[in-house]
A.B. asks: 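Sending over a structure as structure tokens; questions will come in a sec.
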Amino acid sequence: MKKEELKYLQRLAELYPTIAQTATEIINLQSILNLPKGTEHFLTDLHGEYEAFSHVLRNGSGAIRRKIDDVFGHTLSTADKKSIATLIYYPKEKMELVKKEEEDMENWYKITLYRLIEICKTVASKYTRSKVRKALPSQFAYVIEELITEKKEVMDKEDYYDSIVTTIIDIRKAEDFIIAMAELIQRLVIDHLHVLGDIYDRGPAPHFIMDKLMGYHSLDIQWGNHDIVWMGAAAGQLSCIATIVRISARYGNLDILEDGYGINLLPLATFSMTTYRDDPCTCFKIKGTGSESQEEAKLNMQMHKAISIIQFKLEGQLIARRPSFQMDDRRLLHRIDYERGVLKMNGKEYPLLDTNFPTIDPKNPYALSPEEADVMERLQSAFVKCEKMQQHMMLLLNKGSLYKVFNGNLMYHGCVPLNADGSLKEALVYDKTYKGRELYAALEVYVRKGFFAQDPDEKKKGEDIMWYIWCGANSPLFGKDKMATFERYFLAEKETHKEAKNPYYKFLEEPEIMDRILLEFGLSGDEVHIINGHMPVHHTSGESPVKCGGKVLVIDGGFSRAYQKETGIAGYTLIYNSFGLLLSAHEPFTTTEAAVQEEADIISKRVAVKLTQRRKLVGDTDTGSVLKERIEELKQLLQAYRDGVIIEKI
């Protein structure tokens, strides 16, 4: 035995100091390998739509309703099944309604508890007792374990379980117990959650989504470009800060910053009111609810214009500072003839829809005015010092990455940049070129440097790369040749608004190219997939989220209300359980109140993307591979004990 192997086994022996303990652990791990694989849940492009996200999380994209059908079959009516499903999703709210209508609550408690116990037994059956035990709420852990565990030694099981249920009701703990059981069922139905990016922007409550994710039991996140720009802002990058303030203003969501994160926007508001007092700001209308007063709407439009001009200036400075970004075509302020009110671009002149630029010096158009600089200095301080925002960004850093390979699935938000011929496109990241997997790795290193690097220059590079990932032509999270923000505000000509997609999207139905991408990330075979977010699937026009014969799944279908007229649905979600891949297309979510009072679950159309011929076990997963390695190591330790190479500590 080599010295390194012996040293490792000696370390392992500290965890398993006897033959008996080593053998027991081998048996435990081997038994886990033969359990059904846990259910994975895939969501993407949430865009701040907390209520819809929360509901899909609660119902497991229909997984809970399917478990109810499995348990009760035709023994319960459809109405009863809907009722028990709503109770599991919203136990507190549902019981408040029941108490107003139900005359015999004691009988309702008893019936409900028995139903929940049966469902809980089913959802717990695919896990070890140890894993279930860890998921149990501490207050009722022992009682729940008794109720969901078959006890062969008890002769009269009916009386045994009935006595427990009756006692729960008698001591007035039924409601607390029902809440605990409902939350446990939600917890056990989904083993692991994948979020494929764009938690932020457009919708009203991304901070609530982040709060929810912070407490989720098993999670990974693939960053979207909208997440990256928030990360850059939290790191103090000025262009990123201006961008997210502008987007929040554009969608009428400045309260996310003010109320959600405690960012003081008064300096920006004061500056905007003074500078654009007599400006109608018609190019900067708000895409909100329209419920605000006329004065509020006017101020919001002024703030929208003020931060937009600041953003264009800061971006121009950044592009000049980082020539390796190769984005000089996005510096437009110096191409304006301010006297004539036209933009000179691509050999043409375009009249501007708005020519009032009181803070721009035509001789030095990218310089912030003293007042603008003061606004940004205050915003930067507020973002960097916001404790809640920093906590949320740490979750993105700790649980997130630019891509993930897990159980045969390659997950990312945007695209793998390709050339027109389908080959991997090289991108310059400061002084080196990268492509494919190496490009993702290089960019991610710089993202983390933007938060943690001790060298000020490297930290600044990391901060700036986050802005590049947000909107750069070779960014894998953006996937277009430009972000035409300026043109959309100031130019009427639609030709200038066009953002050409990376060739990647043209090749989504090409097996050879998709296989090449999968191989680049270490995957091959018939049971591997690319799971992709970022680009909304136009359901109403007949577009399918299933591409390349099922090899590629594009699951952005429009969680964001802003996209739903375009997509025709309210998002796709994906379930990967032991039977295969199941895709669901969801109808728009109404409100939580309707979900509780009217038992209005999200209506979903389920599509079986790929069912397995043999039920997948833990042993077939990445976790199973790790467990198999551990078993082999333990077997070596067992042999070392028996050979006398290592002595038991009895």
A.B. asks: Would a distance-only check, ignoring hydrogens and angles, find a side-chain to backbone donor-acceptor pair under 3.5 Å from S54 to Y50?
C.D. replies: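 No, S54 side chain to Y50 backbone: no donor-acceptor pair under 3.5 Å.
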A.B. asks: For Y114, I'd like to know if atom OH has over 12 heavy atoms of other residues, nucleotides or ligands within 6.0 Å.
C.D. replies: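 Enclosed.
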A.B. asks: Say whether, by atom type as modelled, one donor and one acceptor occur between the side chain of E40 and the main chain of Y576 under 3.5 angstrom.
C.D. replies: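 Not a single qualifying donor-acceptor pair exists.
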A.B. asks: Got a second to check how far L116's CG is from L87's CG, nearest 0.5 Å?
C.D. replies: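 The CG atom of L116 sits 5.5 Å away from the CG atom of L87.
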A.B. asks: Does D526 have more than 12 heavy atoms from other residues, nucleotides or ligands lying within 6.0 Å of its CG?
C.D. replies: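 Result for CG/D526: open.
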A.B. asks: I need the I178 CD1 to I168 CD1 distance, nearest 0.5 Å.
C.D. replies: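 Answer for the CD1-CD1 pair, I178 versus I168, is 9.0 Å.
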A.B. asks: Counting only heavy atoms from other residues, nucleotides and ligands, does the tally under 6.0 Å from CZ of F208 exceed 12?
C.D. replies: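 No.
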A.B. asks: Taking the basic N atoms (NZ, or NE/NH1/NH2) and the acidic carboxylate oxygens, is any pair closer than 4.0 Å for E118 and R115?
C.D. replies: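 No.
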A.B. asks: Are D515 and K551 close enough for a salt bridge, meaning some N to O gap below 4.0 Å?
C.D. replies: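 Judged by the 4.0 Å cut-off on N to carboxylate O distance, D515 and K551 do form a salt bridge.
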A.B. asks: Taking only distance into account, with no hydrogens and no angle test, what donor-acceptor pairs under 3.5 Å do side-chain atoms of residues 629-636 form with protein atoms, sequence neighbours excluded?
C.D. replies:
{"residue": "R630", "atom": "NH1", "partner": "Y8", "partner atom": "OH", "Å": "3.4"}
{"residue": "E633", "atom": "OE1", "partner": "Y8", "partner atom": "OH", "Å": "2.9"}

A.B. asks: So does G224 get a backbone contact from the side chain of D227, meaning a donor-acceptor N/O pair under 3.5 Å?
C.D. replies: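 Checked: pair present.
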A.B. asks: Strictly distance-based, threshold 3.5 Å: is any side-chain N or O of S125 a donor or acceptor partner for the main-chain N or O of T122?
C.D. replies: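 Yes, the answer is positive, given that a donor and an acceptor are paired below the 3.5 Å cut-off.
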A.B. asks: Determine, stepwise, if the pair D70 / R65 fulfils salt bridge (Lys or Arg N to Asp or Glu O under 4.0 Å).
C.D. replies: CA-CA 9 Å; D70 290 343; R65 185 58 190 270; over 6 Å; no
A.B. asks: Please check if the distance between the ring centroids of Y200 and H47 is under 6.0 Å.
C.D. replies: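 Ring centres of H47 and Y200 not closer than 6.0 Å.
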A.B. asks: Would you compute the distance between atom CG of L35 and atom CG of L617 and round it to the nearest 0.5 angstrom?
C.D. replies: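 CG of L617 is found 8.0 Å from CG of L35.
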A.B. asks: Applying ring pair (Phe, Tyr, Trp, His ring centres under 6.0 Å), run through Y440 and F521 and close with a yes or a no.
C.D. replies: CA-CA 10 Å; Y440 280 81; F521 289 85; 5.5 Å; yes
A.B. asks: When rounded to the nearest 0.5 angstrom, what is the spacing between CG in D162 and CG in L113?
C.D. replies: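 With rounding to 0.5 Å, CG (D162) is 11.0 Å from CG (L113).
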A.B. asks: Would you say that L581 contacts I575 through its side chain, given a criterion of any heavy-atom pair below 4.5 Å between the two side chains?
C.D. replies: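 Sidechains of I575 and L581: no contact.
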A.B. asks: Less than 4.5 Å apart, any side-chain heavy atom of H529 and any of V552?
C.D. replies: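 No - every pair of side-chain heavy atoms lies 4.5 Å or more apart.
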A.B. asks: Using a 3.5 Å distance criterion without hydrogens, assess whether the side chain of E520 forms a donor-acceptor pair with backbone atoms of R437.
C.D. replies: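 Yes.
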A.B. asks: Establish, yes or no, whether the cationic atom of K67 lies under 6.0 Å from the six-membered ring centre of F72 and within 45° of the ring axis.
C.D. replies: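 Not satisfied by the 6.0 Å and 45° rule.
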A.B. asks: For K92, look at atom NZ and say whether over 12 heavy atoms of other residues, nucleotides or ligands are found less than 6.0 Å away.
C.D. replies: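 No, not enclosed.
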A.B. asks: Do F42 and Y572 make the cut of ring centroids closer than 6.0 angstrom?
C.D. replies: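 No, the ring centres sit 6.0 Å or more apart.
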A.B. asks: Compute the ring centroids of F406 and H192, then answer whether they are less than 6.0 Å apart.
C.D. replies: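 Yes; H192 has its ring centre under 6.0 Å from that of F406.
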A.B. asks: Using modelled atom types only, decide if a donor and an acceptor are shared between the side chain of T44 and the backbone of L196 within a distance under 3.5 Å.
C.D. replies: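 A pair under 3.5 Å: yes.
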A.B. asks: Should the pair Y261 and H207 be assigned to parallel (<30°), tilted (30 to 60°) or perpendicular (>60°) ring geometry?
C.D. replies: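 Taking H207 first and then Y261, their aromatic rings sit tilted (interplane angle of 30° to 60°).
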A.B. asks: Does the N225 side chain pair with the main chain of I228, one donor and one acceptor, at a distance under 3.5 Å?
C.D. replies: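 Looks like no, no N/O pair under 3.5 Å.
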A.B. asks: Between L519 and L523, is there a side-chain heavy-atom distance shorter than 4.5 Å?
C.D. replies: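 L523 vs L519: side chains apart.
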A.B. asks: When rounded to the nearest 0.5 angstrom, what is the spacing between CZ in F140 and CG in D176?
C.D. replies: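 One gets 5.0 Å once the value is rounded to the nearest 0.5 Å.
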A.B. asks: Decide yes or no for D104 and W108: does some side-chain heavy atom of the first lie under 4.5 Å from some side-chain heavy atom of the second?
C.D. replies: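 They are not in side-chain contact.
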A.B. asks: In sequence, state the C-alpha distance, the side-chain angles, and the governing distance for D69 and R66, and then conclude on salt bridge (Lys or Arg N to Asp or Glu O under 4.0 Å).
C.D. replies: CA-CA 5 Å; D69 287 337; R66 290 193 290 275; over 6 Å; no
A.B. asks: Taking side chain as C-beta onward, heavy atoms only, is E25 less than 4.5 Å from N28?
C.D. replies: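 When only atoms from C-beta onward are counted, N28 and E25 do touch, with a gap below 4.5 Å.
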A.B. asks: Could you point out which residue of N407, D220, N409 forms a side chain to side chain donor-acceptor pair (under 3.5 Å) with H194?
C.D. replies: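 Result for side chain to side chain donor-acceptor pair (under 3.5 Å) with H194: D220.
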A.B. asks: Treating N532 as the side-chain partner and C415 as the backbone partner, does any N or O pair qualify as donor plus acceptor under 3.5 Å?
C.D. replies: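 Such a contact is absent between N532 side chain and C415 backbone.
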A.B. asks: Could you please spell out the steps behind the salt bridge (Lys or Arg N to Asp or Glu O under 4.0 Å) verdict for E175 and R172?
C.D. replies: CA-CA 8 Å; E175 290 185 24; R172 299 182 181 179; over 6 Å; no
A.B. asks: Would the distance check show the side chain of N253 and the main-chain N or O of R202 forming a donor-acceptor pair, the cut-off being under 3.5 Å?
C.D. replies: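 At least one qualifying donor-acceptor pair exists.
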A.B. asks: Can you tell me if Q21 and T18 form a side-chain donor-acceptor pair at under 3.5 Å?
C.D. replies: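 There is such a pair between these side chains.
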A.B. asks: Flag the pair T22 / I19 as yes when at least one side-chain heavy-atom distance between them is below 4.5 Å, and no otherwise.
C.D. replies: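 When only atoms from C-beta onward are counted, I19 and T22 do not touch, as no gap falls below 4.5 Å.
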A.B. asks: Would you say the side chain of V165 lies within less than 4.5 Å of the side chain of I169, judging by non-hydrogen atoms?
C.D. replies: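 Yes, their side chains come closer than 4.5 Å.
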A.B. asks: Quick one: does E527's side chain have a donor or acceptor within less than 3.5 Å of a partner on G408's backbone?
C.D. replies: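 Absent.
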A.B. asks: Are Y412 and H534 an aromatic pair, judged by ring center distance below 6.0 Å?
C.D. replies: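 Centroid distance H534-Y412: not below 6.0 Å, so no.
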A.B. asks: In plain terms, say whether K99 and E102 are close enough for a salt bridge, that is, a side-chain N and a carboxylate O under 4.0 Å apart.
C.D. replies: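 No.
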A.B. asks: Hey, is E183 close enough to R187 for a salt bridge, meaning N to O under 4.0 Å?
C.D. replies: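 Answer for the salt bridge query: no.
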A.B. asks: Ignoring hydrogens and geometry beyond distance, is a side-chain donor-acceptor pair present between D211 and H392 at under 3.5 Å?
C.D. replies: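 Per modelled atom types, D211 and H392 side chains form a pair under 3.5 Å.
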A.B. asks: Within a strict 4.5 Å, meaning less than it, do heavy atoms of the L477 and L402 side chains meet?
C.D. replies: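 Heavy-atom side-chain distance check passes, below 4.5 Å.
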A.B. asks: State plainly whether the residues K126 and D191 are in salt-bridge range, i.e. N to O under 4.0 Å.
C.D. replies: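 Answer for the salt bridge query: no.
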A.B. asks: Kindly compute the distance separating OG1 (T149) from CZ (R129), expressed to the nearest 0.5 Å.
C.D. replies: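 These two atoms lie 5.0 Å from each other.
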A.B. asks: Would D198 and W223 count as a side chain to side chain donor-acceptor pair (under 3.5 Å) here? Give the steps.
C.D. replies: CA-CA 7 Å; D198 278 3; W223 303 324; over 6 Å; no
